[in-house]
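Report on one structure; see the data block that follows.
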Amino acid sequence: MVVFLIFKVYPVILAVIMSFQNFQGVQSQEWVGLTNYQNVFNLVRFNQALANTTIYTIGTLLILIPLPLVLAVLLDSGRVVQSTVFRTLIFLPALTSLVVAGTVFRLILAEDGFLNLFLTSLFGVQPLRWLEVSDLALPSLILVATWRWTGINILYFNSGLVNISKDLYEAAVIDGASAFQMFWRITLPLLRPTTLFVVVLSIIGGYQVFVEPFILYTGGGGPGDGGLTMALLIYRTAFTSFNFGTAAAMGVILAAIIFVFSLIQFRYFGVFSKED
Amino acid sequence: MAEQASDLIQHRTISRPRNRFNVSKILLTLFFILLTIGFLFPLYWMVISSLRPDGRIFVDAFELFPSILSLDSYNNLFAQEPFGRWIINSIVQTAGFAITALILCTTGGYALAKFKFRGRNLLFVLILVSQMIPFHLLIVSLFLMVIQLGLVETYFGAIIPIAASPIGIFFVRQYMLSIDDEMLNAARVDGANEYQIFFSVVLPNARPAIATLFILFSLEYWNNLLWPLIVFRQAENMPLAVGISRLINQYRQSYDLVMAGSTLATIPIIILFLFLRRQVMEGLAATGTGLK
């Protein structure tokens with residue numbers, strides 16, 4: 001408990017205080033009021049990072065909700081042989097370190113890497129410079145996210161599906177419902193809590209994305225800062241430029257965004273009302 | 001459940017010609033085989049790239065099944081980098097982290113579940129709320145604290161600041177709520193003191209939860225990059241993830257070494273996972289933290 005208070009509560013307070021201070025080195029600081037926040041919002045890079053992170057998060061939502069949902073339903077339908085084996089194998093990428101995921105995809109996405117060879121020889125398209133073109137930075141990151149998180153999200157949806165009574169489907173079959181109708185009218189509505197949970201988790205995770213761009217773009221923001229995310233910018237502001245005050249202010253803004261989404265989660269899942 | 005599922009299938013076979021149903025089953029399974037190959041391909045590519053002879057990673061990139069395999073990358077990795085140290089660092093730090101985090105979770109979770117004290121609810125809400133705090137808000141202040149405590153470059157500095165896991169405390173608390181109070185009271189009547197109760201009654205009863213958390217905590221630290229990256233600057237103190245991340249930067253692109261290192265960092269985890277599959281997957285679904 002004491003450790004919790006020291007390393008979670010105290011640093012938060014310290015961070016909020018620091019976001020109002022100007023740091024000259026580690027020891028001396030002065031109060032500067034809201035200047036750090038003004039600076040942050042005037043920073044072109046911050047606004048770009050905010051936009052990038054938001055687009056990235058939306059992109060992951062558009063793929064990492066429907067895809068695992070449909071896959072989980074198919075695997076649960078009893079029409080796939082050995083579905084547990086597939087679930088396990090698709091889950092394996094989630095065990096890799098994000099560092100490993102990042103470096104492997106760096107190799108695959110490189111200009112003379114496998115993906116380009118594959119696309120060129122199969123479809124005859126020109127090699128794409130995945131890691132060097134600004135507009136391809138976010139799609140590359142979303143590709144890595146899809147690879148790594150699909151298995152986990154299938155797992156979440158699966159644990160939601162197990163709770164849906166099979167009687168409902170039997171009744172629907174007797175009433176002559178098609179597979180699509182059953183999916184649309186029974187599965188989707190009853191999976192809503194799970195879906196919402198995964199959505200919120202993805203938003204929170206998406207806004208904190210750090211390691212993937214850090215590895216894919218070797219610590220920088222990528223070409224034209226196309227892969228610069230908020231977490232990356234905070235890290236660089238703090239530990240490359242040593243602007244602790246500005247970094248703390250960015251941290252507070254990031255926390256505020258995540259806080260809002262988390263509150264939605266708590267509201268819908270009734271964590272507060274369920275206790276006591 | 002399996003019975004109900006097969007009932008479902010029988011309903012379908014009645015309403016459709018039998019061979020059509022089999023075709024859809026075969027097609028679906030085929031689809032999943034292809035999909036799985038796609039998902040496993042990057043892992044295969046990692047291993048196969050690490051086994052290519054020196055300097056052939058890109059030259060041979062289209063050889064899906066290389067004819068010549070070599071351990072050049074592994075030899076170079078151990079010769080040029082303190083890779084053995086990284087492995088030891090990772091193992092020691094991971095074990096240290098998992099044990100520390102478990103001590104904090106079990107004691108904290110037990111206190112929250114079974115003792116009434118002033119401010120308990122406030123503390124509980126604080127713990128839940130702290131789960132939402134992005135780690136990037138904390139890095140600067142934690143870094144300054146670690147400097148002031150003189151813990152930079154130490155295992156303690158890498159472990160302690162991130163060991164208090166809100167979700168872990170929450171998970172243990174929920175689990176311990178299900179332990180019967182009567183059992184604890186019976187032990188008290190028998191003259192057991194609070195420490196004996198905790199170690200010989202509470203902990204054995206919470207064994208499944210503890211095992212699950214131990215696995216999840218280990219996985220979390222093993223794959224963690226950000227905090228160890230901040231704490232360690234000296235190559236010989238780094239865990240695997242940080243060490244590997246340093247092999248690719250603006251000035252060098254040692255893909256061969258990276259692929260060898262990544263393979264060595266990943267394969268043991270995958271093998272362990274195949275043994276502990278149920279526990280990991282169910283634990284993840286239950287705690288719902290997502291892996292980092």
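Lettering follows sequence order; numbering is per chain, from 1.
- When the candidates A/Ile258, A/Leu89, A/Leu107 are compared by the number of heavy-atom contacts under 4.5 Å with chain B, A/Leu107 comes out ahead.
- Between chain A and the options B/Ile139, B/Leu274, B/Ile244, B/Leu27, the largest number of non-hydrogen pairs under 4.5 Å is found for B/Ile139.
- Residues B/Phe273 and A/Phe91 bring their aromatic ring centres within 6.0 Å.
- Top candidate by heavy-atom pairs under 4.5 Å with chain A, chosen from B/Leu35, B/Leu229, B/Leu240, is B/Leu229.
- Contact tally against chain B (heavy-atom pairs below 4.5 Å) for A/Val85, A/Leu155, A/Asn158: the top residue is A/Leu155.
- Between chain B and the options A/Ile253, A/Thr88, A/Asn153, heavy-atom pairs under 4.5 Å are most frequent for A/Thr88.
- Heavy-atom distances place the side chain of A/Ala110, and not its backbone, under 4.5 Å from chain B.
- For B/Ile33, the parts sitting under 4.5 Å from any heavy atom of chain A are the backbone and the side chain alike.
- Taking all atoms of both residues into account, the shortest heavy-atom contact from A/Arg87 to B/Met281 is O-CE, 4.2 Å.
- When each of B/His136, B/Arg277, B/Met259, B/Met46 is scored by its heavy-atom pairs under 4.5 Å with chain A, the top score falls to B/His136.
- In this structure, chain B has no heavy atom under 4.5 Å from any part of A/Ile257.
- For B/Pro42 against A/Val104, the heavy-atom pair with the smallest separation is O-CG1, 3.4 Å.
- With contacts defined as side-chain heavy-atom distances shorter than 4.5 Å, the pair A/Leu92/B/Leu43 qualifies.
- With a threshold of 4.5 angstrom between heavy atoms, B/Ser245 approaches chain A through its backbone and through its side chain.
- Two residues are said to be in side-chain contact when any heavy atoms from C-beta on lie closer than 4.5 Å; B/Leu219 and A/Leu95 meet this criterion.
- Most heavy-atom pairs under 4.5 Å with chain B: of the set A/Ser159, A/Ala255, A/Gly151, this distinction falls to A/Ala255.
- The part of B/Ser49 that comes within reach of chain A is its side chain, from C-beta onward, which places non-hydrogen atoms under 4.5 angstrom from that chain.
- Pairing each heavy atom of B/Val140 with each of A/Ala247, the nearest pair is CG2-CB, 4.0 Å.
- Contact of the A/Val81 side chain with the B/Lys25 side chain is registered, since non-hydrogen atoms from C-beta on lie closer than 4.5 Å.
- Between A/Phe210 and B/Phe135, the ring centre distance reaches or exceeds 6.0 Å.
- Heavy atoms of A/Thr103 lying under 4.5 Å from chain B belong to its backbone as well as its side chain.
- Under the ring-ring contact (aromatic ring centres under 6.0 Å, His included) criterion, A/Phe239 pairs with A/Tyr235, B/Phe143, not counting sequence neighbours.
- Side-chain atoms of A/Val100 and B/Asn223, non-hydrogen and from C-beta on, never get closer than 4.5 Å to each other.
- Atom OG1 of B/Thr36 is separated from atom CD of A/Gln82 by 12.0 Å, given to the nearest 0.5 angstrom.
- The distance from the OG atom of A/Ser77 to the CG atom of B/Leu28 is 6.0 Å, given to the nearest 0.5 Å.
- In terms of heavy-atom pairs under 4.5 Å with chain B, the best-connected choice from A/Ile90, A/Thr84, A/Thr237 is A/Ile90.
- Put simply, the residue from B/Phe39, B/Phe32, B/Phe31 that forms a ring pair (Phe, Tyr, Trp, His ring centres under 6.0 Å) with A/Phe86 is B/Phe32.
- Using a 4.5 Å cut-off between heavy atoms, A/Tyr207 does not touch chain B at all.
- Taking OG1 from A/Thr96 and CD1 from B/Ile270, the interatomic distance works out to 7.5 Å, rounded to the nearest 0.5 Å.
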